[in-house]
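This is a predicted model, so every value here is computed, not measured. Residue numbers begin at 1 in each chain, while the letters A, B, ... track the order of the sequences.
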2 protein chains.
Amino acid sequence: MLSIGKLSGLTGVKVPTIRYYEQIGLLPKPERNEGGQRIYDNTSRERLNFIRHARELGFPLDDIRELLALSDDPDQSCEAIDALAKRQLAEVEHRLVRLNALHKELERMIAQCTCGTVQTCRVIQVLGDHGLCEADHRTMTSHDIERECLT
Amino acid sequence: MLSIGKLSGLTGVKVPTIRYYEQIGLLPKPERNEGGQRIYDNTSRERLNFIRHARELGFPLDDIRELLALSDDPDQSCEAIDALAKRQLAEVEHRLVRLNALHKELERMIAQCTCGTVQTCRVIQVLGDHGLCEADHRTMTSHDIERECLT
DNA sequence: TCTTGAACCTCTAGTTACTAGAGGATGTAA
DNA sequence: TTACATCCTCTAGTAACTAGAGGTTCAAGA
């Protein structure tokens with residue numbers, strides 16, 4: 001029997017975040033004591049640990065919701081679970097490619113700066129003219145820029 | 001003299017995004033024709049290209065705002081600009097480290113899955129128990145998870 | 001000149017995964 | 001009993017846009 005604060009301490013998930021997960025239906029509504037405060041058991045703790053770990057691996061909450069639902073049916077094939085995991089892997093790989101390109105370009109830009117005045121600043125020049133780049137970081141659409149929030 | 005649509009086509013920035021940049025003061029308010037439609041010149045185009053390129057390199061809009069302000073004063077030292085670029089580089093590096101850890105762990109997890117039933121699914125097991133990980137992906141705080149949106 | 005369809009306008013609300021804060025109730029240790 | 005920590009609900013804010021409603025203007029063809 002755990003208060004929300006204890007649960008938070010045990011799982012590393014902040015108290016408001018736990019309430020948020022409950023609000024969006026990721027965690028079931030827990031029992032309450034006479035005063036109306038939430039009380040949790042070990043099942044909640046395990047579920048929250050699962051969520052936290054999946055979040056750490058970059059899974060979006062909607063995927064986690066699915067993973068939890070799928071894991072509730074132990075005799076089913078784990079194909080769907082694998083598919084979700086593979087999609088997440090692909091997403092991470094996509095982002096790695098892109099981040100590596102950014103990294104390279106940022107390093108190059110900074111290395112070339114002679115640190116004089118703004119007028120001759122290489123950083124400003126490069127930002128103003130993509131032609132000065134090695135051009136490999138433009139392998140993404142505007143959709144990619146948005147999607148950066150996903151992991 | 002460009003309509004917002006032409007400017008969009010030339011820069012690769014979507015029409016609503018251009019209006020959004022104007023709204024938040026990143027782009028100056030352009031002239032209007034008699035009908036009230038926006039008309040742009042090459043200065044706007046350059047500024048928008050600058051913004052787009054900086055966004056592609058992962059700079060947040062607030063940093064871009066600063067970069068633009070700094071670049072308007074050509075005789076100043078470019079120290080502040082360099083500092084922003086270096087901060088961005090550090091951010092990207094931080095994210096790369098983390099993404100690499102995620103990638104490794106996801107791959108390991110997927111490789112170990114024998115693709116049977118949910119009951120024996122390695123993916124579910126690992127997600128439920130961080131002890132089964134090689135533990136190197138937990139090198140971040142909850143603040144890091146949030147911050148993932150920054151690039 | 002008229003018409004039609006594309007492109008434009010403003011405004012509000014939605015997205016993700018939370019966090020912050022207000023204003024108040026409850027639990028616990030001295 | 002008295003602090004004080006912890007809990008409660010609720011609303012609003014974050015980044016960087018996107019989507020859609022409902023209406024106006026522009027440009028080209030008949």
Side-chain angles (χ1 to χ4, degrees), chain A residues 1-27 29-40 48 51-52 54-66 88 91 95 140-151, chain B residues 1-27 29-40 48 51-52 54-66 88 91 95 140-151:
Chain A
M1 290 307 147
L2 301 163
S3 71
I4 197 169
K6 306 273 183 208
L7 181 66
S8 169
L10 286 167
T11 57
V13 178
K14 287 180 192 152
V15 168
T17 304
I18 297 175
R19 288 198 278 250
Y20 169 70
Y21 287 163
E22 177 187 332
Q23 190 195 312
I24 63 169
L26 212 55
L27 283 176
K29 294 192 186 241
E31 307 275 305
R32 303 282 182 135
N33 64 11
E34 309 111 48
Q37 304 194 342
R38 292 169 177 82
I39 39 179
Y40 296 93
L48 190 51
I51 296 170
R52 185 193 171 189
R55 280 298 294 138
E56 284 172 345
L57 290 173
F59 286 92
L61 292 180
D62 272 353
D63 284 10
I64 296 173
R65 194 192 306 276
E66 265 206 76
Q88 178 60 18
E91 180 65 37
R95 296 169 53 61
M140 41 107 234
T141 64
S142 74
H143 182 58
D144 278 321
I145 302 187
E146 294 164 48
R147 226 178 13 160
E148 297 198 343
C149 281
L150 288 187
T151 291
Chain B
M1 289 308 145
L2 302 162
S3 72
I4 197 169
K6 306 275 182 205
L7 181 65
S8 169
L10 286 168
T11 57
V13 178
K14 286 180 193 150
V15 169
T17 305
I18 297 174
R19 288 199 278 251
Y20 169 71
Y21 287 164
E22 177 186 331
Q23 192 195 311
I24 62 169
L26 213 53
L27 282 176
K29 295 193 185 240
E31 305 277 305
R32 303 283 181 134
N33 65 12
E34 309 110 50
Q37 304 193 341
R38 293 168 175 83
I39 38 176
Y40 295 93
L48 190 52
I51 295 170
R52 187 195 168 189
R55 281 298 294 136
E56 283 171 346
L57 290 172
F59 286 92
L61 291 180
D62 272 353
D63 284 10
I64 296 174
R65 194 193 305 275
E66 266 205 74
Q88 178 59 17
E91 180 65 38
R95 295 169 53 63
M140 41 106 236
T141 63
S142 73
H143 181 58
D144 278 320
I145 303 186
E146 294 164 49
R147 228 180 9 161
E148 295 197 345
C149 281
L150 287 188
T151 290

query = With nearest nucleotides of DNA chain D determined for B:Asp62 and B:Gly36 from heavy-atom distances, which residue corresponds to the more 5′ nucleotide?
reply = B:Asp62

I want to verify a distance call: between [options], whose nearest atom is closest to the [X] side chain?
X	options	value
B:Gln37	D:dC17, C:dT16, C:dC8	C:dC8
A:Pro16	C:dT19, C:dC9, D:dC7	C:dT19
B:Pro60	D:dC8, D:dA16, C:dA17	D:dA16
A:Leu61	C:dC9, C:dA17, D:dC8	C:dA17

Can you find a pair of side-chain heavy atoms, one from [X] and one from [Y], that are under 4.5 Å apart?
X	Y	answer
B:Arg65	B:Ile24	yes
A:Gln37	A:Ser3	no
A:Ile64	A:Tyr21	no
B:Arg19	B:Leu27	no

Think [X] has a side-chain N or O under 4.0 angstrom from the OP1 or OP2 of [N]?
X	N	answer
B:Thr17	D:dA16	no
A:Asn33	C:dT26	no
B:Arg32	C:dT10	yes
A:Arg65	C:dA17	no
B:Lys14	D:dT18	yes
A:Ser3	D:dC7	yes
A:Arg52	C:dA17	no

inquiry  = Testing the basics here: between A:Gln88 and A:Pro60, what is the closest heavy-atom pair and its distance to 0.1 Å?
reply    = OE1-CD, 3.9 Å

remark   = All heavy atoms of A:Tyr40 vs all of A:Ile18, minimum pair found to be OH-CG2, 3.6 Å

key: For DNA chain D, the residues among residues 18-27 of chain A that have a non-hydrogen atom under 4.0 Å from it   = A:Arg19

